[in-house]
Amino acid sequence: MEKTGKIAVIGDSESVTAFLAIGASVHSVTDEYQAADVLRKLAKTDEYAVILVTENYAAKMEALMQKLKEQPYPAVLSIPGATGSNGFGLAGLKKDVEKAVGVDILFG
């Protein structure tokens, strides 16, 4: 299947509904098990360039998120949910930058 550059968003309905306005494929889930199932399914399709997962679910499936980040495609990122950030996304970004450049250039 050809990579199309679509965006998918996984999270609770309150957090993901707004992404419909930009044409994203929205997947409302009620727990981290559903979120993990949807994430695995979407990552296998080769249809999405970016998959966004709300932090509340991403933090609970960190091993799966890390496994998918090892692959070049799709980009799997965590985003704050409707209730705000729990720090998981920023901590992941910090770790990814340290891995890429060897030092913490964000928070020195």
Side-chain angles (χ1 to χ4, degrees):
M1 180 175 284
E2 183 178 325
K3 294 175 177 55
T4 60
K6 291 183 180 180
I7 298 173
V9 185
I10 302 169
D12 61 275
S13 61
E14 187 178 357
S15 299
V16 300
T17 304
F19 288 92
L20 288 169
I22 63 165
S25 174
V26 170
H27 302 271
S28 178
V29 296
T30 57
D31 61 39
E32 67 269 20
Y33 303 108
Q34 274 187 318
D37 288 342
V38 171
L39 179 56
R40 283 187 198 98
K41 180 180 140 195
L42 296 178
K44 286 181 186 176
T45 67
D46 227 16
E47 185 177 347
Y48 297 95
V50 177
I51 301 174
L52 305 173
V53 182
T54 56
E55 286 180 333
N56 57 325
Y57 294 125
K60 293 176 182 175
M61 52 183 190
E62 186 172 5
L64 175 59
M65 295 284 290
Q66 280 305 121
K67 180 180 175 184
L68 292 172
K69 281 185 175 187
E70 292 172 5
Q71 301 172 10
Y73 199 81
V76 179
L77 308 166
S78 60
I79 57 170
T83 58
S85 176
N86 64 13
F88 179 79
L90 190 56
L93 176 62
K94 181 180 185 282
K95 187 168 40 170
D96 291 344
V97 169
E98 283 181 29
K99 183 178 177 181
V101 298
V103 293
D104 180 6
I105 62 170
L106 295 178
F107 304 104

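Contact of the L68 side chain with the I51 side chain is not registered, since no non-hydrogen atoms from C-beta on lie closer than 4.5 Å. The shortest side-chain heavy-atom distance between D31 and K60 does not fall under the 4.5 Å cut-off.
The side chain to side chain donor-acceptor pair (under 3.5 Å) check on T17 picks up nothing, with sequence neighbours excluded. Residues forming a side-chain contact (heavy atoms from CB on, under 4.5 Å) with V26 (at least two apart in sequence, or on another chain): V16, F19, L20. By the side chain to side chain donor-acceptor pair (under 3.5 Å) test, E14 is found to be paired with no residue, residues two or more places apart in sequence or in another chain being considered.
With rounding to the nearest 0.5 Å, the separation of CD in E32 from CG in D37 is 11.0 Å. The distance from the CE atom of M65 to the CD atom of E55 is 9.5 Å, given to the nearest 0.5 Å. Distance CG/L64 to CG/L39: 4.5 Å, rounded to 0.5 Å. Distance check, rounded to the nearest 0.5 Å: OG of S78 to NZ of K69 gives 6.0 Å. Rounding to the nearest 0.5 Å places CZ of R40 at 8.5 Å from CE of M61. The distance from atom CD1 of I79 to atom OG1 of T54, rounded to the nearest 0.5 Å, is 6.5 Å.
Listed here is the closest heavy atom pair of Y48 and Y73: O-CE2, 3.4 Å.
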